[in-house]
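This report refers to the structure that appears directly beneath it.
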There are 2 protein chains.
Amino acid sequence: MGYVIDEIDQQIMRLLQHHARMPIVQISKEVNMSQPSVKERILKLEENGVISGYSTIYDLAKLNRGTTTFILLKTEHCEEFVHFCEQAIEVTDLYRISGEYNYLIKVQTATIEELAEFQDSLVKLGPSKSHISMKNIMEHRVLL
Amino acid sequence: MGYVIDEIDQQIMRLLQHHARMPIVQISKEVNMSQPSVKERILKLEENGVISGYSTIYDLAKLNRGTTTFILLKTEHCEEFVHFCEQAIEVTDLYRISGEYNYLIKVQTATIEELAEFQDSLVKLGPSKSHISMKNIMEHRVLL
DNA sequence: CCTGAAAATAGAACCGC
DNA sequence: GCGGTTCTATTTTCAGG
């Protein structure tokens, strides 16, 4: 194996983490290195799969999806459930988990009423347990 | 309120969602619109806070953080717990939730052994319940 | 890993609907 | 208000060392 991420790579990665559209010139200034060198480092991080993509973060409240809920669900119809989640716009995250429940999903709805409707569509698939987020304190942090 | 996101904005947002570094020229070709117009639309989405940022996605396995676990925790020392999470590199997400438990955190560790160590550092803060992710089927999806 | 050129992209000013 | 065209500045890419 062995892709070595050195201190400069980490600096670059910390900058890119929350500023994915930052121009390479600016990154190169911050890490005191020439543009082509920084570009090559980023390219290698991409090629090695350390960087797996660049995403845009949307304010879900502005998209009428401001209510975050985590739902644990136990089902015997796994394929059906996964397929259901893939075409349900409310579901943003889906994990196969260990323990009493099969799956954990993260759901974004406009309101609690809409959440209730979503839960209704879930009951036929199996028992579930919901935890509404009252505050999203931290999200998507990888590096300090 | 009232920021109207039309069909073209949505097209742009769908493109940017998973390709945040895509050049504006390329976006403008895909949506059949001039470069400055696309740029202005993106600027407005940023100004209105619909776009709240651009982030880089890292392969956590490549960073020796490939084990994903969700931990529900009940504590009476909220401030202390939040502060603990903020300085704990393992914690990537932190939510204040309703229900039997106070908080839900997402934790990324190298191995299950490391997870156990992390859990040890948590016991003094209150009772908790862990769900290890055996498969991350979907993450961070907002738009279809 | 750096420098220096050419090429591509982004940004600004202005025009028309 | 919205989008298009042109021109300029910046950034990226590609030589070569």
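Chain letters run A, B, ... following the sequence lines, proteins first and then strands; every chain starts at 1. Not measured: the values here are computed from a predicted model.
Listed candidates were C/dC2, D/dG3, C/dT9. Nearest to the side chain of B/Pro23 is C/dT9. Considering only the side chain of A/Ser34, C/dT3 comes nearest among C/dT3, D/dG3, D/dC2. Among the nucleotides C/dA10, D/dT13, D/dT5, the one closest to any side-chain atom of A/Gln35 is D/dT13. Taking every side-chain heavy atom of B/Pro36 into account, C/dA12 is the closest of C/dA10, C/dC2, C/dA12. Picking from C/dC2, C/dA10, D/dC2 the nucleotide with the shortest atom distance to the side chain of B/Val25 gives C/dA10.
Look at CE on A/Met33: it is 12 Å from P on C/dT3, rounded to the nearest Å. Here the C1' atom of nucleotide D/dG4 and the CD1 atom of B/Ile8 are 13 Å apart, to the nearest Å. One can place CG of A/Asn32 at 14 Å from C1' of C/dC1, the figure rounded to the nearest angstrom. For A/Glu40 and C/dT3, the CD to P distance is 15 Å, given to the nearest whole Å. The interatomic distance linking B/Lys29 (NZ) with C/dA8 (P) rounds to 10 Å, in whole Å. The CZ-P distance, from B/Arg41 to D/dC2, rounds to 8 Å in whole Å. Going from atom CG of A/Leu43 over to atom P of D/dT12 covers 13 Å, rounded to whole Å. The nearest whole Å value for the distance from the CE atom in B/Met22 to the P atom in D/dT12 is 17 Å.
Positionally, the nearest nucleotide of DNA chain C for A/Val38 lies more toward the 5' end than for the other of A/Val38 and A/Arg21.
Between the side chains of B/Gln119 and B/Ser128, no donor N or O sits under 3.5 Å from an acceptor N or O.
Two rings, from A/Tyr103 and A/Phe81, have their centers less than 6.0 Å apart.
Looking at every heavy atom in both residues, B/Thr67 comes nearest to B/Ala110 through OG1-O, 3.3 Å.
Residues B/Ile5 and B/Val50 form a side-chain contact, since some pair of their non-hydrogen atoms from C-beta on lies under 4.5 Å apart. At a threshold of 4.5 Å between non-hydrogen side-chain atoms, the residues B/Ile105 and B/Thr92 do not count as touching.
A salt bridge does not link A/Arg14 to A/Asp9: none of the charged side-chain nitrogens sits closer than 4.0 Å to a carboxylate oxygen.
Between B/Lys39 and the phosphate of C/dG11, there is a side-chain N or O to OP1/OP2 separation shorter than 4.0 Å. Between B/Ser37 and the phosphate of D/dG4, there is a side-chain N or O to OP1/OP2 separation shorter than 4.0 Å.
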>> Please determine whether salt bridge (Lys or Arg N to Asp or Glu O under 4.0 Å) holds for the pair B/Glu139 and B/Lys106, giving the CA-CA distance in whole Å, both sets of side-chain angles, and the decisive distance to 0.1 Å.
In response: CA-CA 13 Å; B/Glu139 279 183 314; B/Lys106 190 177 168 196; 3.1 Å; yes
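Between the axis at the start and the axis at the end of the helix from C/dC1-D/dG17 to C/dC17-D/dG1 there is an angle of 30°, using five pairs per end and rounding to 10 degrees.
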